[in-house]
Amino acid sequence: YRDKRLVTWDPKLHTAISDLEVEPREVKGHFWHLRYPVENSNESIVVATTRPETMLGDTAVAVHPDDERYKHLVGKLLVLPLVGRRIPIVADTYSDPEKGTGAVKITPAHDFNDFEVGKRHNLPLINIFDMNAKLTNDVPEAYRGLDRFVARKQIVADLEAAGALVKVEDHTLQVPYGDRSGVVIEPWLTDQWYLDAATLSKPCVAAVEAGRTQFVPKHWEKTYFEWMKNIQPWCISRQIWWGHQIPAWFGPDGTCFVEETEEQARKIADAHYKQPTQLRRDTDVLDTWFSSALWPFSTLGWPEKTPELARYYPTSVLITSFDIIFFWVARMMMFGMHFMNEVPFKDVYIHALVRDEHGNKMSKSKGNVVDPLQVIEEHGTDALRFTLIALALQGRDIRLSADRIGGYRAFVNKIWNASRFALMRVTGNVAPLSSMQAKLEEPDRWILSRLANAVADVRKHLDEYKFAEAANAMYVFVWDELCDWYIELVKARLMNEDAAGARSKQVAESVLVHVLETAMRLMHPVMPFITEELWQKLPIERSTAFIAQQKYPGDELAVWRNPALENSYALVQSGISAIRTIRAEKNLGPTRPIDAIIVAANADDRKLLEEQRASIIALARLQKLDIQASRAGAPEEAATKVTDRLEVIVPMGDLLDYAAEAAKLARQIEKTEAERVKLTTKLDNKAFTDRAPADVVARERARVTELEQMLVTLRDGHKRAEQRATKT
RNA sequence: GGGCGAAUAGCUCAGCGGUAGAGCGCCUGCUUUACACGCAGGAUGUCGGGGGUUCGAGACCCUCUUCGCCCACCA
């Protein structure tokens with residue numbers, strides 16, 4: 001509908017702008033107290049204003065109906081200084097007796113609140129500004145044509161000269177600026193086109209309440225609701241060049257015809273005027289957000305009923321920034337519900353805002369934009385992309401951190417080097433995994449199980465829009481599991497040129513290539529460049545030209561999942577780590593060949609360790625490994641490391657510092673004992689054993705048993721070390 | 001005035017009812033033939049304060065403090 005009301009007018013760009021494009025800025029200004037005399041009386045009323053120039057357009061002064069100070073003056077007239085116009089004193093609850101003098105000047109044509117007061121009291125609207133915010137001919141001659149800020153100075157001076165200026169106070173106030181033009185916007189009375197947004201918004205609120213569209217993270221719904229439920233009429237016309245021209249035609253007498261086409265409008269107009277009539281099209285264009293609101297269906301061929309529209313509307317997900325919720329998301333909802341009678345998207349993912357290093361929002365007009373090309377120059381495209389994804393946590397903004405980008409650049413490098421290793425060691429095309437399932441060795445089955453886990457985790461996180469978690473799952477799998485364990489585990493097999501090891505070598509090659517190939521597909525959306533490059537190089541059969549055309553890894557990996565194997569394999573890893581810890585603590589160096597004894601009380605554990613003897617020897621760099629049920633026969637001069645299920649003993653000969661060893665064991669005993677006491681106290685608490693879930697209680701009991709076993713071993717070792725220390 | 005979010009290791013941040021974590025930084029040792037953008041090992045926390053719920057609380061509830069943001073208003 002067309003209406004004459006106040007709009008937020010940009011006097012530089014000469015157009016109405018949206019409330020959302022208005023940016024309040026805090027400015028130091030003044031409070032001017034002005035005295036308006038009551039006609040034919042000695043009395044007067046003092047009003048306070050931050051914009052004295054608007055007094056030229058005053059058409060009333062309002063006081064609160066219950067304000068005893070002014071009750072007797074309501075209905076009387078004031079003489080407006082400098083102008084001489086008689087203006088009424090009206091009673092209106094808009095006036096707040098607590099604020100200022102309790103009397104407020106009313107300028108209906110230049111203030112939104114005053115406009116409403118004016119409507120209630122049938123006050124005239126006096127437009128004192130033109131489109132440039134210069135004073136019009138409706139003001140005394142002395143001020144005509146003056147710019148608003150020039151006029152302000154002049155008027156204050158003249159009021160002072162006339163004795164109407166009571167006092168001036170310093171005052172800090174919020175002044176509305178146009179966010180594009182950077183000038184103070186002016187509430188201005190114009191004819192504009194409006195949408196009845198309140199009516200359009202109702203089904204949109206209902207749709208989100210019913211969950212037909214869901215916000216992720218959910219709390220943004222509140223922002224959406226708050227705005228939708230307090231929505232104002234939407235001024236959709238703009239006095240600018242670019243945009244969809246409004247389909248409205250005016251006849252000579254100002255009658256308006258709104259039709260889809262000019263032809264249609266002319267037909268209606270001719271009928272209306274009963275003769276062929278010249279029409280003039282409205283030169284205004286639609287607010288850009290009006291046009292954008294049509295996007296979800298207009299791009300699919302609407303208003304035609306196209307197959308695309310049937311297939312893709314409603315869309316699955318809109319990914320956008322929170323500051324677009326009002327501008328675009330809400331408006332697409334309105335038009336979707338109105339024109340399609342269906343929501344435009346099922347999910348709205350509100351992503352984090354990337355802020356600059358100081359935490360400020362980046363903006364083109366502020367100029368504090370981090371240039372991605374520069375970051376890419378320094379760290380690489382894939383590193384930047386991975387960093388953004390890794391930092392994209394729900395409900396939290398991103399401060400782009402150079403350190404994090406550097407860390408992920410190292411990750412990209414790691415992927416490159418791991419693949420380089422594989423390409424160096426794997427010769428010829430590899431066989432499909434299915435053909436060698438029976439020949440897989442423990443480490444092979446372990447990494448395939450971990451891969452299946454990683455794929456499942458990544459997919460789950462992506463489904464939930466948890467991008468940072470998805471990135472982390474990729475990172476941990478590739479670096480901590482594939483590189484740090486699997487590649488190290490298979491090195492010996494890959495480098496073995498003996499005929500006897502040929503089959504084992506081939507299996508390792510196939511598994512390594514298969515795992516890498518799957519990892520490339522898994523990471524491709526985040527790191528498109530390196531994954532494409534490496535995928536092209538892998539010795540595999542390629543069914544498509546590009547990795548992007550391949551299927552994303554999914555459920556087909558699930559057959560490899562093997563939690564029991566992973567659990568038992570953790571024992572082997574903890575044994576290797578224990579030996580490495582002794583190496584580091586005793587300064588044995590990473591490469592010096594040493595002997596080690598692993599004591600495991602459990603027969604199944606020993607069996608598993610025996611099977612993995614070669615891996616343990618290789619990764620712990622041992623020259624001799626004994627796996628036994630008890631400590632019997634182990635030398636006294638030994639460093640030990642005790643874990644939940646095993647004790648690792650490294651004979652040290654004269655190298656061992658017994659006092660230090662005893663002290664180290666004493667510290668571990670103290671910590672273990674403290675944990676045991678804590679758990680025992682917990683288990684002694686009847687309230688806990690009665691009320692906590694059975695599995696929690698059982699787990700705690702098992703843990704106490706483990707700790708008790710550890711303590712026996714630790715105390716035994718401690719006693720021996722202490723005896724030796726005193727002997728020497 | 002209304003609303004939202006945040007406070008956890010030196011830094012950037014996960015965890016959101018059952019033994020406090022990651023990356024970076026820091027410390028120790030390493031030319032280990034994929035990688036020093038690396039490898040192995042290590043240290044580091046009254047989880048902002050105070051109440052409460054619970055067998056059990058960074059986690060849930062209340063409250064306070066401090067930061068950040070959004071909306072409205074400001075004669």
Side-chain angles (χ1 to χ4, degrees), chain A residues 19-20 24 31-34 47-51 54 61-62 94-96 99-107 111-114 171-175 217 219-220 222-223 225-227 230 322-323 325-326 353 355 359 361 379 383 387 390-391 393 395-425 468-469 472 475-476 483-484 487-488 491 495 576-577 579-592 619-621 675 678-679 682 685-693 695-697 699-700 703 707:
Chain A
D19 295 351
L20 298 173
F31 245 144
W32 285 274
H33 293 252
L34 312 180
V47 294
T49 180
T50 56
R51 301 196 54 196
T54 61
V61 165
Y94 164 64
S95 176
D96 181 352
K99 267 186 186 171
T101 60
V104 54
K105 68 194 240 358
I106 301 296
T107 320
D111 181 282
F112 291 100
N113 290 311
D114 293 5
H171 181 60
T172 304
L173 69 163
Q174 302 283 330
V175 175
H219 71 255
W220 289 110
K222 287 198 173 182
T223 305
F225 285 141
E226 202 191 332
W227 193 70
N230 298 301
F322 77 87
D323 51 353
I325 293 175
F326 303 149
L353 215 56
R355 297 177 177 274
K361 184 176 162 182
H379 299 286
T387 307
L391 292 176
L393 294 151
R396 192 149 182 160
D397 285 349
I398 295 171
R399 254 186 228 203
L400 204 49
S401 138
D403 286 348
R404 287 296 284 265
I405 304 174
Y408 292 122
R409 180 190 54 190
F411 178 53
V412 176
N413 191 55
K414 187 77 180 174
I415 296 168
W416 181 261
N417 280 308
S419 304
R420 202 161 58 90
F421 169 79
L423 294 169
M424 263 168 54
R425 295 295 168 191
E469 284 85 345
N472 194 248
Y475 184 97
V476 167
C483 292
D484 287 352
I487 290 182
E488 294 304 323
K491 269 182 179 171
M495 294 182 195
I576 293 168
S577 290
I579 297 167
R580 285 171 171 172
T581 304
I582 293 173
R583 259 190 195 285
E585 281 176 351
K586 304 303 171 203
N587 289 329
L588 293 173
T591 48
R592 181 196 302 187
L619 266 61
R621 296 182 182 272
E675 197 187 337
K678 199 173 130 193
L679 276 185
K682 198 171 172 184
N685 181 0
K686 206 167 171 310
F688 171 69
T689 46
D690 285 354
R691 300 200 190 183
D695 63 314
V696 173
V697 177
R699 195 166 64 231
E700 303 291 40
R703 180 70 186 152
L707 290 172

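Just so you know, these numbers come straight off a predicted model, no measurement behind them. Labels below follow one simple rule: chain letters A, B, ... track the order of the sequence lines, proteins then strands, and each chain is numbered from 1.
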Provide the distance between the two P atoms, one in rG48(B) and one in rG58(B), to the nearest whole Å. 10 Å

Calculate the interatomic distance between Glu469(A) atom CD and rC13(B) atom C1'; express it in whole Å. 11 Å

Check whether any side-chain N or O of Asn113(A) sits under 4.0 Å from OP1 or OP2 of rC74(B), and answer yes or no. yes

Residue-phosphate contact under 4.0 Å: Tyr408(A) side-chain N/O, rA22(B) OP1/OP2: no

Nearest whole Å is fine: how far is rC71(B) P from Phe322(A) CZ? 9 Å

Per the glycosidic torsion and the 90° limit around 0, nucleotide rG58(B) is syn

For a quick check, with a 4.0 angstrom heavy-atom cut-off, what is the B/S/- contact string for nucleotides 32-37 of chain B, read 5' to 3'? B-BB-B

Rounded to whole Å, please give me the gap between CZ in Phe688(A) and C1' in rG17(B). 13 Å

Among side-chain atoms of Thr689(A) and Lys682(A), is any donor-acceptor pair under 3.5 angstrom? no

By nearest atom, which of the nucleotides rG41(B), rC73(B), rU19(B) is closest to the Gln174(A) side chain? rC73(B)

Set of side chain to side chain donor-acceptor pair (under 3.5 Å) partners for Asp695(A), sequence neighbours left out: none

Does the cation-pi check pass for Lys491(A) over Phe421(A), that is, NZ or CZ under 6.0 Å from the six-membered ring centre and within 45° of its axis? yes

Return no unless some side-chain N or O of Lys222(A) is found under 4.0 Å from OP1 or OP2 of rC4(B). yes

Taking side chain as C-beta onward, heavy atoms only, is Arg580(A) less than 4.5 Å from Arg621(A)? no

State the dot-bracket string of RNA chain B. Criteria: Watson-Crick or G-U wobble, both atom distances under 3.5 angstrom; notation: ( ) intrastrand, [ ] crossing earlier pairs, | interstrand, . unpaired. (((((((..((((....[..)))).(((((.......))))).....(((((..]....))))))))))))....

